[in-house]
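To keep things clear, I will list the structure first and then write my remarks on it.
Every chain is numbered from 1, with letters handed out A, B, ... down the list of sequences. Predicted model, so just to flag it, every value in this text is computed and none were measured.
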Amino acid sequence: MDERYDPKAIEPKWQKFWEASQLFKVEDDPEKEKYYLLEMFPYPSGNIHMGHVRNYTIGDVVARYKRMRGFNVLHPMGWDAFGMPAENAAIAHNSHPAKWTYTNIDSMRSQLKRLGFSYDWDREIATCSPEYYRWEQWLFLKMYQKGMAYRKESYVNWCDPCQTVLANEQVEAGACWRCSQPVRQKELWQWFFRITDYAEDLLTYCDKLPGWPEKVITMQKNWIGKSFGAEIRFPIEDTDEAISVFTTRQDTVCGATFMCLAPEHPLVLKLSEGKQQAVEVGQFIERISLQDRSARVIDSFEKEGVFTGAYCINPLTGKRMPVYTANFALMEYGTGAVMSVPAHDQRDFDFAKKYGLEIIVVVKPYDADLDEATMTEAFTGEGIMINSGQFNGMDSVNALDAIASFLEENDMGKKAVSFRLRDWGISRQRYWGAPIPIIYCNTCGVVPVPEEDLPILLPEDVDLLEGGRSPLPTLDYFLKVSCPDCGRPDAKRETDTMDTFVESSWYYERYCSPNYHQGMFDKKAVDYWMPVDQYIGGVEHAILHLLYSRYYTRVLNEFGLIHCKEPFTRLLTQGMVCKETVSCPEHGFLLPDEVDGSSEERRCKKCRQAIIVGRVEKMSKSKKNVVDPHILLEKYGADTTRLFCLFAAPPERDLEWSEQGVEGGYRFLNRVWRLASKWIDAIKTTSPFDGDIDQLGGKLRELFQKTHATVYKVTKDIEDRFHFNTAISAVMELVNMMYGIDPVNKSPHVNSVMRLAMESVALLLSPFVPHFAEELRETMGIKESIMLAKWPSFREDALVKDELVIVVQINGKLRSKFNIEIDTDETTLKALALDDERIQKMIKDKPVKNVIVVKNKLVNIVV
RNA sequence: GCCCGGGUGGCGGAAUAGGUAGACGCAAGGGACUUAAAAUCCCUCGAUACUAAGUAUCGUGCCAGUUCGAUUCUGGCCCCGGGCACCA
């Protein structure tokens, strides 16, 4: 055995072996219990970063562990390969997004292989391949037929210089993230998925996902945003029409003194038409529509509005209420109209003060009075009803239901619920995405592409345009098509592509039968594998990706394509990888190798100024606090890199980068290696001890017990809560104890007990550091690969301790302790404790009031 | 503003059906080995005080409470991180 631990030799050796023997390959096998383990697939940016390393290491540990427990484990990997960065990179390098993407995929695949992850690479998927997106287009057509996909005109963030729609997260302070030019709201025809149809179901099932983090569930619930209230009709003066509003505060309806409509509300123009206010209203609508919504929020938002010239009638009080259009009313929420109650809503209060509108208090606090003339802010709490006719004196909480019922009985409104969730706009005016399979015919209108014409291929022979504008509308051979219905030659294809979140909403289902050509899925395979038993990824996808996936799975379920509704049974959101930031007063953020000097006095290499140590933050290129996994692999190897990621913190917490920590992990592996080489000759041909525990004494007995206790502890830590850090520290303890056994020891069972301990160490470490474990086992003469090995079991009789420490407390404070045989009875313990020399001295003649005895634990004496 | 997390040594973190606070690792200090250094192995390592190789007191963000006993349970407060935010 080589005395030196040499990851550079070991790791490629086993990676080759695993690949050659196809040990990561998995087949459907109804005889075996399945376990589907999935990590969020990456965008192929070209390089894996520490976040990926951590995410995929955690996943690989679970995959390997579950395999050793006898599960048939599906552990796939693929690429979320469509998206804007590929287009930008292609423009910058005068290349093609496909070429750029596939080159990146190749390099990232080899990086992942270098880390020893046990993926079944035969199932690899790239979402940009026609073989993949053709089924997405197919499902789109199905959804279109059922009205689940529809087209409407709506406002989007639009950047003129870039000629494209921007997602909300691509708008920074009202400007385009790429060109820094102001973003405006533009009305465009867009395709939508009717996710709101499932709002109730998605919400209900939030409480049926016990394997999800509380935090993510809460975020999803908030995002769906169900609220209970009433829809109330306010008749418009001198017409037969009424304005319908949604409110959660119908208890305050008698305090409604004016009405606010969203600028986009269809009634706004109608009401002001022909009135003197018409011009002002028109200008207001124009101005507000140009404002970006996120910009409106950032500028601490000035509430403003204009009077439409019309009045409506409060159905309960008969009061005339001026109708305004106001910027804070949103067309997308409720009915696009707000009944304004200035006394009990802060926005309405501000608005009323600004425009001199009437304030009427209808709920007073339980213990005080409220005066409209002197109040400085709205009272939004609960209280006693006043100025509300028959409801006066009622608790406002009860009035909610009473008033809603009253409105319903008198045909003025009804109880209602409203959701914050909106339909999912999936159109993107970009090139690098899946084409939407729709044709527009001047005669027939919107015509779906016939199924047999799928896939609609994304043309590859294109010149990308400066600024990111999609070339598709300029490509006649793509654009111009004859209508599938009437055959006229002047029809046009849809040139928008689908949001990349559509691809990531079903990739995990495709993994079950990735090469199936007869349909989206092979039913047998998805029925066997789905749902995903454990999903692992970043919390940044807590809402969008996970919500879309839950929705899409419901759609697939409705079409009978899969049997389950919820795609992910358990979810683990791992923390971020962080590192301290370092900056120089002159040169800004510095990379680690732009800094010189000792740890006390670090300086900028360029200007010799003392550096500023900033906060510990998520690794990012802009903060320059990144560590390239490649360098770690070169210096320490994959096993050390994996070990550090697992040991430094439990998975759900943030991980703080530490060079010394990595060093510590490396040292540990070396330490195990040296221990093994010291013992190898003695234990190579010995079989592990499995005899009667009473044959052992002293340190060997202890080591035997410790070995089994470690198996127990590591199993529990992985099984119960994925706490790999404590699992690893348990193995470290075992190794420390093994160092306490002298190799020249001639006790009869020393070699077999050491053999048992050493084999256990290899097995227990194998999910974490698989190459190391393979090598260690091979060295011990074990032929079978770790991929086929069984997880070790522990012997109950070895877990029973011979004797234990009883703690003696006085008034709850530790004062003494003694060793005693296990299960000694309470009376003996009490007597021994009171007899204890130190205790005697402490008590002296103080009267003993009470003695609490806990068997096998402690004695507490109260004086 | 609302909703989630989280505050434990010099540092990362252990320990919660209430029962020895600080496992394991890092850093630091000491010793062994070495011509020397690195590596390695062994020991020490929460704070304070003292009659100092021992003992006492304090100590898990702060303040109360429940209890024989609280890092763990309850109430209030402070700080940090994250998410959402004109949602009627």
Side-chain angles (χ1 to χ4, degrees), chain A residues 4 213-219 221-223 225-227 229 245-250 252 256 260 262 293 296-297 300-303 326-330 332-341 344-348 350-351 380 418-422 539-540 542-543 575-576 578 599 615-618 643-644 647-650 652-665 667-668 670-671 674 713 723 725-733 735-736 739-740 805-817 838 849-854 856-863:
Chain A
R4 212 169 49 92
E214 186 67 39
K215 179 180 163 172
V216 176
I217 291 291
T218 310
M219 284 164 75
K221 282 183 182 170
N222 291 343
W223 190 264
K226 183 181 187 180
S227 45
V245 305
F246 172 77
T247 180
T248 55
R249 290 299 304 271
Q250 62 272 19
T252 64
C260 287
R293 277 196 52 194
R296 275 159 68 175
V297 177
S300 71
F301 189 63
E302 175 72 17
K303 288 156 196 64
N327 60 348
F328 67 82
L330 304 172
E332 302 87 19
Y333 187 76
T335 62
V338 183
M339 76 170 201
S340 291
V341 187
H344 303 293
D345 181 284
Q346 192 58 41
R347 280 162 311 172
D348 299 345
D350 295 343
F351 197 85
T380 56
S418 183
F419 290 92
R420 208 187 75 111
L421 181 71
R422 292 178 218 145
V539 74
E540 64 271 22
I543 295 171
M576 300 179 296
C578 301
S599 54
R615 302 197 313 175
V616 174
E617 290 189 76
K618 178 181 179 175
L643 191 67
F644 171 74
F647 183 65
E652 68 279 3
R653 249 203 257 187
D654 285 351
L655 181 149
E656 195 186 326
W657 174 257
S658 151
E659 179 78 31
Q660 283 103 347
V662 182
E663 201 73 57
R667 213 147 45 206
F668 170 66
N670 273 287
R671 199 168 142 78
R674 269 191 308 275
K713 164 93 176 137
H723 274 205
N725 56 333
T726 51
I728 292 165
S729 71
V731 181
M732 287 173 166
E733 281 185 56
V735 169
N736 288 346
Y739 261 91
V805 182
I806 297 292
V807 170
V808 188
Q809 300 175 329
I810 294 179
N811 294 338
K813 282 186 182 161
L814 171 73
R815 291 303 175 200
S816 183
K817 43 185 141 181
R838 295 163 56 94
K849 278 194 205 147
N850 193 7
V851 180
I852 290 125
V853 185
V854 183
N856 294 335
K857 256 216 177 109
L858 58 75
V859 180
N860 188 16
I861 299 159
V862 188
V863 296

Calculate the interatomic distance between [X] atom [atom1] and [N] atom [atom2]; express it in whole Å.
X      : N     : atom1 : atom2 : value
A:F419 : B:C87 : CZ    : P     : 18 Å
A:E663 : B:C26 : CD    : C1'   : 11 Å
A:K857 : B:A21 : NZ    : P     : 13 Å
A:L858 : B:A70 : CG    : P     : 13 Å
A:I728 : B:G13 : CD1   : P     : 14 Å
A:F647 : B:C11 : CZ    : P     : 17 Å
A:R667 : B:A38 : CZ    : P     : 13 Å
A:L814 : B:U55 : CG    : P     : 11 Å

Rounded distance in Å between the [atom1] positions of [N] and [M]:
N     : M     : atom1 : answer
B:C33 : B:U40 : C1'   : 9 Å
B:G22 : B:U71 : C1'   : 11 Å
B:C79 : B:A23 : P     : 32 Å
B:G30 : B:C78 : C1'   : 42 Å
B:G19 : B:C3  : C1'   : 35 Å
B:C2  : B:C77 : P     : 11 Å
B:A85 : B:C80 : P     : 23 Å
B:U60 : B:A21 : C1'   : 7 Å

Would you classify A:N860 as touching base, sugar-phosphate or nothing, given that sugar-phosphate means primed atoms plus P, OP1 and OP2, and contacts are heavy atoms under 4.0 Å?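 Result for A:N860 = base.
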Could you tell me whether A:N670 contacts a base, only the sugar-phosphate backbone, or nothing, with contacts defined as non-hydrogen atoms closer than 4.0 Å? nothing
For [N], what is the paired nucleotide under Watson-Crick or G-U wobble rules, both distances under 3.5 Å?
N     : result
B:A88 : none
B:U51 : none
B:C45 : none

Closer to the 5' end of RNA chain B via nearest nucleotide, is it A:M732 or A:L655?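 Counting from the 5' end, the first nearest nucleotide belongs to A:L655.
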Heavy-atom nearest nucleotide on RNA chain B for A:G665 versus A:G225: which residue maps closer to 5'? A:G665
Report yes if the distance between the aromatic ring centroids of A:F668 and A:F647 is under 6.0 Å, otherwise no. no
Which nucleotide in [options] has an atom nearest any side-chain atom of [X]:
X      : options             : value
A:R422 : B:U40, B:C87, B:A56 : B:C87
A:Y333 : B:G19, B:C24, B:A88 : B:A88
A:E733 : B:C3, B:A88, B:C24  : B:C24
A:K813 : B:U20, B:G83, B:C58 : B:C58
A:R674 : B:A23, B:A14, B:U40 : B:U40
A:N725 : B:A85, B:G82, B:G13 : B:G13
A:V862 : B:A88, B:C68, B:C41 : B:C68
A:R347 : B:A88, B:C41, B:G19 : B:A88

Donor/acceptor link under 3.5 angstrom from A:R420 side chain onto base of B:C84: no
Base of B:G5 paired with side chain of A:E652 (donor-acceptor, under 3.5 Å):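 Counting by modelled atom types and ignoring angles, no donor-acceptor contact under 3.5 Å is found here.
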Does any N or O in the side chain of A:D654 come within less than 3.5 Å of the main-chain N or O of A:M576, such that one atom is a donor and the other an acceptor?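 Yes, A:D654 side chain to A:M576 backbone: donor-acceptor pair under 3.5 Å.
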B:G65, syn or anti by chi within 90 degrees of zero: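 Here the answer is anti: the torsion falls beyond 90° from 0.
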